[in-house]
There are 2 protein chains.
Amino acid sequence: MVADARVTEELKAAILRGEFAPRQRLVEIELCEQFDASRFAVRAALQALEADGLVERQRNRGARIREIGIDEAVEITQVREVVEGLIARRAAERVDDAEAEALAEIGRAMHAAVAAGEVGEYSDLNARLHALLRDIARHDKANGIIAHLHGQMVRHQFALSRVPGRSKVSVHQHQAIIDAVIARDADAAEAAMRAHIVSVIEALRAIV
Amino acid sequence: MVADARVTEELKAAILRGEFAPRQRLVEIELCEQFDASRFAVRAALQALEADGLVERQRNRGARIREIGIDEAVEITQVREVVEGLIARRAAERVDDAEAEALAEIGRAMHAAVAAGEVGEYSDLNARLHALLRDIARHDKANGIIAHLHGQMVRHQFALSRVPGRSKVSVHQHQAIIDAVIARDADAAEAAMRAHIVSVIEALRAIV
DNA sequence: GGTACCTGTATTGTCAACAATATTGTCGAT
DNA sequence: ATCGACAATATTGTTGACAATACAGGTACC
């Protein structure tokens, strides 16, 4: 696994960037040319991404980009709800003063971004907040599962960030999470995170 | 993926049965003989089981059985706590009368098994209860994650079932879960499941 | 005109040989 | 006797060719 790893990474990045349409066929030879790799490496990459849930394969019929419908996106987000709840709880238990200040800073930047109407900036801050909480929680298993689920959600995540007015609602939820973690209140942190993601689920359902 | 799938399945079953010791090296040629397959198929199986978290591989150094220490087992069980909590909640929301009766039946059998001191029988009933709850919940993503985590826990699970007196404690927790689901009380079902698994975590920590 | 079959092509599945790399054992020098 | 360099061996990584399979298009028959 050496060339394999490179191809796996590049192919995954390309999928996450949205370069392939859902249900699009992934022909091995075409991928060989695109990534300048052998069929062996491409095959290994496809197998890895199948385990990742990004690609589906049928015997003798090849691989295609897995389509994730709204129902599955909701299920994924429901799991995310409880696992990110665990992460928020752990973060509240383990946060140190420097990390608390970093959280507060993200909170202030979020308010500023919403006030200025910068949705792209707000979206970045959102990702940074969740990533920082994962860093603070230092829970490898939970973090791994979130990464796994996140990979399958990129398309819907993008759609979500385009919903007008969502940032105005979610900024308060994010602030509640930040406040609870800084206050070292584990129960409140978990509850705030779950409330936040429940509202994400509602927004998801509303898209259709 | 045809011979591959067979080898993957058999190898996984062998690992779960405990036929390989933790950190034991898995030499490809030996596995070829053992499962009467080509190196190609063995390789694919090893890659699949790496993604499954049962095997770890290093470049040019081959594969070994992944050792799961007590700390990791605790983390796994913490994730299980919240995801099985979600499953219990969903089960309470979706259970029908026939399923409720099946749950009640398992509860009665559990009490009987504890009274008779049949630990093996109780352990089976425990597995059946959790499986039935997953059936009722019909939450593919959550069920998939539980299956994934369970595969990594078999060794510790076995150690847990040997702790004397555990069934006497857990039978009441199980009954609380059953009662809450039958009463269609989602909050109580989630809380009961989480309380149950918290006690599993404590028992895990106590083993060392 | 429609349906079933057959053939050609595109694509994936499998294999055995070869190359690259790590590990182990041996030898000599200090 | 211990350490380091070096050679031998074991094991994995990679490649290209070949076999098996599914799909599309055309043809004959009803």
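Proteins come first, then strands; the chains are lettered A, B, ... in the order of their sequence lines, and each starts at number 1.
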How long is the line joining [atom1] of [X] and [atom2] of [N], in whole Å?
{"X": "Arg6(B)", "N": "dG13(C)", "atom1": "CZ", "atom2": "P", "value": "17 Å"}
{"X": "Phe40(A)", "N": "dA17(C)", "atom1": "CZ", "atom2": "P", "value": "17 Å"}
{"X": "Gln47(B)", "N": "dG13(D)", "atom1": "CD", "atom2": "C1'", "value": "13 Å"}
{"X": "Arg57(B)", "N": "dT21(C)", "atom1": "CZ", "atom2": "C1'", "value": "15 Å"}

Got a sec, which residues hit side chain to side chain contact (heavy atoms under 4.5 Å, CB included) with [X], two or more places apart in sequence or on another chain?
{"X": "Ala142(B)", "answer": "Val79(A), Val83(B), Leu86(B), Ile87(B), His139(B)"}
{"X": "Ala104(B)", "answer": "Glu101(B), Arg108(B), Ile182(B)"}
{"X": "Ala63(B)", "answer": "Leu26(B), Leu46(B), Val55(B), Arg57(B)"}

Mind listing the side-chain donor-acceptor pairs of residues 199-208 of chain B below 3.5 Å, one per line with the distance, residues two or more places apart or on another chain?
unit_1, atom_1, unit_2, atom_2, d
Ser199(B), OG, Gln173(B), OE1, 3.2
Ser199(B), OG, Gln173(B), NE2, 3.2
Ser199(B), OG, His196(B), O, 3.2

What are the residues of residues 20-32 of chain B, sorted by number, that bring a heavy atom to within less than 4.0 Å of DNA chain C?
none

Show which side-chain atoms of residues 160-170 of chain A pair as donor or acceptor with protein atoms under 3.5 Å away, not counting sequence neighbours.
unit_1, atom_1, unit_2, atom_2, d
Ser161(A), OG, Phe158(A), O, 2.9
Ser170(A), OG, Tyr122(A), OH, 2.7
Ser170(A), OG, Arg166(A), O, 3.4

Strictly by salt bridge (charged side-chain N to carboxylate O under 4.0 Å, His left out), give each pair with a member in residues 133-153 of chain A just once, sequence neighbours left out.
Glu99(A)-Arg138(A), Lys141(A)-Glu72(B)

Whether Ser38(B) contacts dC15(C) is assessed here as follows: a side-chain N or O lying under 4.0 Å from the phosphate OP1 or OP2. Is that the case?
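The answer is yes; a side-chain N or O of Ser38(B) sits under 4.0 Å from OP1 or OP2.
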
OP1, OP2 of dT14(C) versus side-chain N and O of Arg43(B): anything below 4.0 Å?
no

Does Leu133(A) reach the side chain of Ile177(A), with side-chain heavy atoms less than 4.5 Å apart?
yes

What pairs of donor and acceptor atoms, side-chain ones from residues 16-23 of chain B against any protein atom, are under 3.5 angstrom apart with sequence neighbours left out?
unit_1, atom_1, unit_2, atom_2, d
Arg17(B), NH1, Glu19(B), OE2, 2.2

Is there any protein nitrogen or oxygen under 3.5 Å from a nitrogen or oxygen in nucleotides 18-23 of chain D, and what are the pairs?
unit_1, atom_1, unit_2, atom_2, d
dT21(D), O3', Asn60(A), ND2, 3.2
dC23(D), OP1, Arg61(A), NE, 3.1
dC23(D), OP1, Arg61(A), NH1, 3.4

